[in-house]
Amino acid sequence: MSKLASESPVSGGVKVSVQRFGRFLSGMVMPNIGAFIAWGLITALFIPTGWYPNESLATLVGPMITYLLPILIGYTGGQMVHGVRGGVIGAIVTLGVIAGADIPMFLGAMIVGPSAAWVLKKFDRSIEGKIPSGFEMLINNFSSGIIGGGLAVIAFKGVGPIVEALSKVLSTGVEWLIDTGLLPLVNVLIEPAKVLFLNNAINHGILGPLALDQATQTGKSIIYMLESNPGPGLGILLAYWLFGKGMVKQSAPGAVVIHFFGGIHEIYFPYILMNPRLILAAIAGGVSSTFTFSLFGAGLVAAPSPGSILAYFSMTPKGGMLAMLSGVLVATVVSFLVSAVLLKTTKQTEDADNELEQAAQKVQQMKAESKGTAAAPAPSAPTGQLTKEQVNKIVFSCDAGMGSSAMGASILRKKINAAELPITVINTAINDIPGDADIVITHKTLTDRARQKAPNAEHISIDNFLKSPEYDLLVQRLS
């Protein structure tokens with residue numbers, strides 16, 4: 001299998017650092033996507049230009065974007081650093097940065113939430129074991145209150161104005177790209193970044209806050225569509241469906257459904273990795289679609305998560321359906337045509353099935369690296385296998401609970417239903433594994449974390465969520 005490029009130690013170190021940064025930003029945003037969608041739906045429905053204008057209900061829009069969403073991000077960032085105490089102080093200091101600026105403080109929340117929690121964590125460690133017996137609650141409460149209040153004042157006076165100025169500079173830069181017609185060139189960076197799992201740093205760290213700021217002012221933002229557009233990936237998968245061979249051709253239709261309607265873009269990454277020239281098709285589709293979006297004034301009211309066409313429909317403002325569909329269609333057609341040419345001019349060997357399998361494993365490895373998990377395999381055989389009577393719930397788990405675990409859960413659920421077994425199969429984030437999980441299935445790089453979250457469950461490690469022999473073995477055992 002050919003490779004995208006050989007990485008030097010320096011470039012690899014930069015890649016890991018960017019992935020780690022993106023993973024941290026994503027960790028603050030992803031748990032709160034539901035709140036962003038709620039805000040987006042309320043905005044799309046009830047603002048004066050919405051589907052069902054309502055002056056009273058529209059008053060929810062301002063407080064949600066000004067206070068609720070930044071505080072949730074600040075709390076989540078603080079919790080990631082120092083648990084609940086970190087979350088509380090993160091929320092306190094986030095309110096300080098909100099009050100010190102006149103724009104939504106998403107960047108500010110991402111900065112001060114984790115930073116405040118880090119300060120409190122250092123303080124807690126410095127007094128660990130030194131608190132007189134009986135004074136623990138008093139000192140813990142007052143320390144977080146005093147430190148939080150002080151940092152909130154600092155955020156109000158210093159951080160808020162600085163972040164506001166930085167946001168205006170970034171916003172001006174994006175507006176300049178839009179005004180000069182150069183915005184489509186951003187996809188030259190975004191499309192390869194998606195395949196390399198570097199998109200979180202770009203999407204959640206820069207594009208998301210800028211898109212929210214733009215949507216607040218104009219009611220929609222094209223920036224939401226730069227990374228999430230399902231068109232480029234759809235065109236590539238359709239080309240494989242028509243011009244591929246063997247298992248690659250047979251697997252493409254299922255991948256189309258998962259990608260386009262499920263919004264799980266990582267499903268098409270192996271198809272690019274097994275023929276890296278197809279990254280040109282993704283770039284061509286992304287550039288042409290962004291140009292089309294700009295031409296027709298397209299935009300979404302909130303982030304479409306996941307990047308499904310169904311999410312696009314729900315987040316498109318009134319009167320914007322044609323513009324949205326035009327961009328997605330152009331991306332699909334362009335990426336399909338470029339992919340078709342590249343596939344027809346590339347000799348497809350009889351070993352294409354193995355190449356796809358190797359590419360899928362490469363994607364899993366890259367995804368694990370992007371999440372900071374070790375590459376060493378965990379034992380796949382559980383210490384104690386449960387019987388049919390002991391299993392009521394099977395849980396697939398990954399970092400966010402939306403991507404690979406959702407695909408694996410869907411595949412196993414069909415097998416469980418076909419065997420007529422009364423077993424529930426769900427997918428969750430690894431931090432949200434329910435206490436009543438009987439069997440937990442994770443990628444081998446995440447099994448150790450899953451054991452800590454659900455020590456009483458049976459754990460099964462797999463290499464590939466899309467194609468794993470453990471599924472059939474499990475169904476056979478439970479039958």
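Hydrogens, waters and symmetry mates play no part in the numbers below; they use all other heavy atoms, side chains included. Note that the numbering runs from 1 along the sequence shown for the chain.
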>> Using the ring centroid of each side chain, check whether Phe261 and Tyr312 are separated by less than 6.0 Å.
In response: no
Backbone of [Y] reached by a side-chain donor or acceptor of [X] within 3.5 Å:
X	Y	result
Thr66	Pro63	no
Ser228	Tyr224	yes
Lys122	Trp118	no
Arg413	Gly408	no
Tyr75	Val88	no
His459	Ala454	yes
Asn54	Leu57	yes
Asn229	Gly286	no
His443	Ser461	no
Ser126	Phe123	yes

What's the shortest heavy-atom distance between [X] and [Y], and which atoms?
X	Y	result
Val440	Ala457	CG2-CB, 3.9 Å
Pro304	Ala311	CB-CB, 3.9 Å
Ile279	Pro192	CD1-CA, 3.8 Å

Rounded to the nearest 0.5 Å, what's the gap from [atom1] on [X] to [atom2] on [Y]? Could you check?
X	Y	atom1	atom2	value
Asn456	Asp436	CG	CG	12.0 Å
Phe313	Met324	CZ	CE	4.5 Å
Ile460	Tyr471	CD1	OH	10.0 Å
Ile65	Leu60	CD1	CG	13.0 Å
Ile309	His259	CD1	NE2	9.5 Å
Phe396	Thr428	CZ	OG1	11.0 Å

> Side-chain contact, heavy-atom cut-off 4.5 Å: Met110 with Ser115?
Replying inline: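 No, their side chains stay 4.5 Å or more apart.
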> Does the side chain of Val395 come within less than 4.5 Å of Ile441's, by heavy atoms?
Replying inline: no
> Does a side chain donor of either Thr442 or Ser397 reach within less than 3.5 Å of an acceptor in the other side chain?
Replying inline: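 Looking only at side-chain atoms, Ser397 and Thr442 do not form any donor-acceptor pair under 3.5 Å.
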>> Go through it in stages, so that I can follow the logic: the residues are Thr424 and Asn392, the test is side chain to side chain donor-acceptor pair (under 3.5 Å), and I'd like the CA-CA distance, side-chain angles, deciding distance and then a yes or no.
In response: CA-CA 6 Å; Thr424 302; Asn392 295 308; over 6 Å; no
> Run the side chain to side chain contact (heavy atoms under 4.5 Å, CB included) check on Thr94 and Leu72 step by step: do they pass?
Replying inline: CA-CA 9 Å; Thr94 298; Leu72 283 174; over 6 Å; no
>> With a 4.0 Å cut-off on N to O distance, would you call Glu470 and Lys415 a salt bridge?
In response: no
>> Less than 4.0 angstrom from a charged side-chain N to a carboxylate O is my criterion; do Lys393 and Asp438 meet it?
In response: no
